[in-house]
Amino acid sequence: MIQEPVSPETASDTSVEAEATRRDADVAESSRANRGWWDRNADEYQIEHGTFLGDDRFVWGPEGLDEVEAELLGPPEDLKGKDVLEIGAGAAQCSRWLAAQGARPVALDLSHRQLQHALRIGGAFPLVCADAGALPFADGSFDLACSAYGALPFVADPVLVLREVRRVLRPGGRFVFSVTHPIRWAFPDEPGPEGLSVAASYFDRTPYVEQDDEGRAVYVEHHRTVGDRVRDVVAAGFRLVDLVEPEWPAWNSSEWGGWSPLRGNLIPGTAIFVCVRD
């Protein structure tokens, strides 16, 4: 049961001093660390990015590509009556948009605090707090699944997650997910000119880990090359039908972490994989 959220002003101080490093992190450590990170940082995240995301928009990434225009899940009029699972839903903005099209979404997230923000904004659809690697749904429960920067960048075993998504989809179902574009791993996470020079190997898959003073991970991000992502999709039993690399639009003057107009006009920041369960 998701409880009503307290205000950010009255939330307890849960800041964690972290040291950035590169080391292995398994499935359990990654899940535990990222659940804690998103619970601690959900308030700040929603304050900082809530205006850009809106309450009921379906945005695939910092470039601002909107599902209204992209139609990666299909034409909006075809979504009516469809059962849709949103993975890594955060405050469930995408699910809220899907519901407005007549779909029946379920918003799932690892972070209880993120789902409290979904409850705060409102919406007549289920909120489920669970790990994407162990989806609490029966086989063939959904027509579609989607994930806008949710789960996949943060899990140690993406094939496990993809297989779970395939399991809960009905035959012919589509799964569309967006992640940080793999090429970005080679560049510093900076929006300005300092973020335009290669600083690391694109082929180094060693996870990025932030850890506390006792060496416990408090945030983990995993890198996969483009080829790795394609092989993961195929290994999970999906058919890849499109790979979208959104260009930075002229209207978007926002900076979001390392994403910016400067970088977005030169290198891709987001990769969107469109997969079908045959």
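Keep in mind it's a predicted model, so treat the numbers as computed, not measured.
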According to a hydrophobic-cluster definition based on side-chain heavy atoms being under 4.5 Å apart (Ile, Leu, Val, Met, Phe, Trp, Tyr only), do [X] and [Y] belong together?
X	Y	result
F203	V226	yes
F125	L119	yes
I87	L98	no
L65	V241	yes
L144	F142	no

When you compare the side chain of [Y] with that of [X], does any pair of heavy atoms fall below 4.5 Å?
X	Y	value
P136	V128	yes
I267	H181	no
Q211	E19	yes
F273	F238	no
L162	F175	yes
W259	T180	yes
L240	V234	no
I183	P268	yes

Measure across [X] and [Y] and return the closest heavy-atom pair with its distance rounded to 0.1 Å.
X	Y	value
P188	S197	CD-O, 3.1 Å
E255	P191	OE1-CG, 3.6 Å
L72	V176	O-CG2, 3.6 Å
A118	A92	CB-CB, 3.8 Å
P261	N252	CG-O, 3.5 Å
A235	R163	O-NH2, 3.4 Å

Are the side chain of [X] and the backbone of [Y] linked by a donor-acceptor contact shorter than 3.5 Å?
X	Y	value
N41	W37	yes
R32	V218	no
R35	L110	yes
N34	F154	yes
R263	G258	yes
D66	V59	no
R22	T206	yes
R170	S141	yes
D39	G36	no

>> Suppose the criterion is side chain to side chain donor-acceptor pair (under 3.5 Å): which pairs have a residue in residues 125-134, not counting sequence neighbours?
In response: S31-D131
> Which of these passes side chain to side chain contact (heavy atoms under 4.5 Å, CB included) with P158: D232, V179, V233?
Replying inline: D232
Can you confirm whether more than 12 heavy atoms, excluding those of [X], are under 6.0 Å from its [atom1] atom?
X	atom1	result
F52	CZ	yes
E44	CD	no
E247	CD	no

Got a second to check how far [X]'s [atom1] is from [Y]'s [atom2], nearest 0.5 Å?
X	Y	atom1	atom2	result
R224	H222	CZ	NE2	10.0 Å
E164	L169	CD	CG	11.0 Å
I272	S147	CD1	OG	11.5 Å
L108	L127	CG	CG	10.0 Å
E245	E63	CD	CD	10.5 Å
D56	Q93	CG	CD	9.0 Å

> Residues in salt bridge (charged side-chain N to carboxylate O under 4.0 Å, His left out) with D213, at least two apart?
Replying inline: none
Ignoring hydrogens and geometry beyond distance, is a side-chain donor-acceptor pair present between [X] and [Y] at under 3.5 Å?
X	Y	result
Q116	R113	yes
E67	W97	no
E77	Q101	no
Y149	T270	yes
D43	H117	yes
Q46	R120	no

>> As a quick check of understanding, evaluate side chain to side chain contact (heavy atoms under 4.5 Å, CB included) for F58 and S95, giving each step before the final call.
In response: CA-CA 8 Å; F58 194 135; S95 287; over 6 Å; no
>> One pair to check against side chain to side chain contact (heavy atoms under 4.5 Å, CB included): E29 and D26. What are the steps and the verdict?
In response: CA-CA 5 Å; E29 184 179 29; D26 64 15; 3.3 Å; yes
Does [X] pair with [Y] as a salt bridge, N-O distance under 4.0 Å?
X	Y	result
D143	R104	no
R216	E210	no
R96	D55	no
D189	R184	yes

> How far apart are the C-alpha atoms of L135 and V165, what are their side-chain angles, what is the distance that settles it, and do they pass the side chain to side chain contact (heavy atoms under 4.5 Å, CB included) test?
Replying inline: CA-CA 8 Å; L135 296 174; V165 176; 4.2 Å; yes
>> Taking the ring centre of each residue, are Y202 and H223 less than 6.0 Å apart?
In response: yes
>> Could you go through W185 and F187, starting from their C-alpha distance and side-chain angles, then the distance that decides it, and tell me whether this counts as ring pair (Phe, Tyr, Trp, His ring centres under 6.0 Å)?
In response: CA-CA 6 Å; W185 192 256; F187 293 84; over 10 Å; no
